[in-house]
Amino acid sequence: MSLQDLYYIVSVFLFVIGLLVVVMRKNIILILMGVELMLNAANLNFVAFQHDSGSNLQGQLFSLFVLVIAVAEAAVALAIVIKVVEVFKTSDVDTIQKLKE
Amino acid sequence: MSLQLLILLIFAGITILAALGVLILKNVLHAAFSLLISFLGVAALFVFVGAEFLAVSQLMIYVGGILVLMIFGVMFTNRSSSSKDVVSGTHNVFWAILIAVPLLTLLCFPIYKGSLDLTHIHFSELSPKISDIGIAFLTEHILSFEFVALLLLVVLVGTVYLAGSKNTTKS
């Protein structure tokens, strides 16, 4: 097993746990936390494959871009969440579905 | 097993356990702090492959920015009675297990075909210099760099408008 394989295993576990958080939790902000976990897993994967190709920094650069786009997405998502909770008066995903009509 | 490998395994274990904490903990603020520990673990894992700039950026941006924003979001969207902790349970457990088990086996399958012993892991001593990252941002990847700067401007304006004062019309 090389270092990339170990990082790949960690990133797979983080990704699947992030996906489970998105599917299983009921609070909106916890779902956003699951999305951040999945993005972190992808970042870890990119950086791990940079390790074996010398002093190449493509993985690190792409991870930096992913980081900035994750920030942008989290900011807009939280603004929308605050407005939605203001309208629906609850932050439970099941309730927000049922009050749709 | 060298000391470096042992510390790497400890950090990897902390990261995965903290991610499981986000999944399992009922209190939303406890889950947010568990996510913070997971981000710290990922930053430590970034250091081990030589991506130190990315590790520090991860600490500043994810821990100091996004996580603080999420904790504020939890506190702002707490519409229940004033002194109760925000708790939320889990649902869709059947579908979650149905998705997760095949995905996990499918993604971990290439690792099982190889060997599973940890003794031959070698750490390279190279790490890219920060000046190389700066030069790469401004020569090779300048289009992405400018687009990301524009995206941040748009997101800033949009977020301030979206989460504005209560006198704006809600429709």
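No experiment lies behind these values; they were computed from the predicted model shown. Each chain gets a letter, A, B and so on, in the order the sequences are listed, and its residues count up from 1.
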Where A/M33 and B/L35 come nearest, the two heavy atoms and their spacing: CG-CD2, 3.5 Å
Side-chain donor or acceptor of A/R25 paired with backbone N/O of B/V22 under 3.5 Å: yes
Structural part of A/V16 lying under 4.5 Å from a heavy atom of chain B: side chain
Closest-packed option against chain B by number of heavy-atom pairs under 4.5 Å, given A/L44, A/V10, A/D5: A/L44
Winner by heavy-atom pair count (cut-off under 4.5 Å) against chain A, out of B/V49, B/N92, B/I24: B/V49
Under 3.5 Å: donor-acceptor pair, side chain of B/Y62, backbone of A/L67: no
Contact origin within B/L67 toward chain A - heavy atom pairs under 4.5 Å: neither
B/L152 versus chain A, the contacting section by heavy-atom distance below 4.5 Å: side chain
Top of A/D92, A/N43, A/V84 for chain B proximity - count of heavy-atom pairs under 4.5 angstrom: A/N43
Engaged part of A/S63 at the chain B interface, taking heavy atoms whose separation is under 4.5 Å: both
Same apolar cluster: B/F137 and B/I135, side chain cutoff 4.5 Å: no
Side chain to side chain, A/L14 and B/V42, heavy atoms closer than 4.5 Å: yes
Nearest heavy atoms of B/E52 and A/Q60, plus distance in Å: N-NE2, 4.2 Å
Heavy-atom side-chain contact between B/L9 and A/L6 under 4.5 Å: yes
Within one Ile-Leu-Val-Met-Phe-Trp-Tyr cluster: B/L103 and A/V21, side-chain cutoff 4.5 Å: yes
Pairwise distance CG(A/L30) to NZ(B/K26) - rounded to 0.5 angstrom: 11.0 Å
Qualifying residues under side chain to side chain donor-acceptor pair (under 3.5 Å), relative to A/N45, sequence neighbours excluded: none
Side-chain heavy atoms of B/T77 within contact of A/V81, under 4.5 Å: yes
Which portion of B/Q58 sits near chain A, non-hydrogen atoms under 4.5 angstrom: both
Residue pair B/V93 / A/M24: nearest heavy atoms and the distance that separates them: CG2-CE, 4.3 Å
Engaged part of B/F72 at the chain A interface, taking heavy atoms whose separation is under 4.5 Å: neither
Flag side-chain contact, heavy atom, 4.5 Å: A/L64 against B/V148: no
Which of A/F15, A/Y7, A/F13 touches chain B most, by non-hydrogen pairs under 4.5 Å: A/Y7
Approximate separation, where rounding is to 0.5 Å, of A/L32 CG and B/I66 CD1: 10.0 Å
Same apolar cluster: B/L106 and B/L104, side chain cutoff 4.5 Å: no
Whether over 12 other heavy atoms sit under 6.0 Å from B/F48 CZ: yes
B/F46 CZ to A/N40 CG distance, which is reported to the nearest 0.5 Å: 6.0 Å
Residue selection (most heavy-atom pairs with chain A, distance under 4.5 Å) from B/A136, B/A31, B/A96: B/A96
Smallest separation among heavy atoms of A/Y8 and B/L107, with atom names: OH-O, 3.0 Å
Joint cluster assignment, B/L156 & B/F147, ILVMFWY side-chain distance < 4.5 Å: no
For A/A79 against B/L162, the heavy-atom pair lying closest together: CB-CB, 3.9 Å
Any pair counted as ring pair (Phe, Tyr, Trp, His ring centres under 6.0 Å), so long as it reaches residues 19-48 of chain A, sequence neighbours left out: A/F46-A/F62
Separation between CG of B/L45 and CG of A/L3, rounded to the nearest 0.5 Å: 9.5 Å
Reported CD-to-CG distance for the pair A/E73 and B/L151, which is rounded to 0.5 angstrom: 11.0 Å
Heavy-atom pair count under 4.5 Å with chain B, highest-scoring of A/L19, A/L61, A/V68, A/I28: A/L61
Segment of B/I99 engaging chain A (4.5 angstrom heavy-atom cut-off): side chain
Exercise: identify the closest heavy-atom pair between B/F39 and A/E36: CZ-CB, 4.0 Å
Engaged part of A/A41 at the chain B interface, taking heavy atoms whose separation is under 4.5 Å: neither
Max heavy-atom pair count under 4.5 Å with chain B, selected residue of A/I69, A/I80, A/V76: A/V76
Single-linkage hydrophobic cluster B/M75~A/L78, side-chain heavy atoms < 4.5 angstrom: yes
Chain B interface, residue from A/A75, A/G18, A/A74 that has the most non-hydrogen pairs under 4.5 Å: A/A75
A/L37 side chain near B/S38 side chain, heavy-atom distance below 4.5 Å: yes
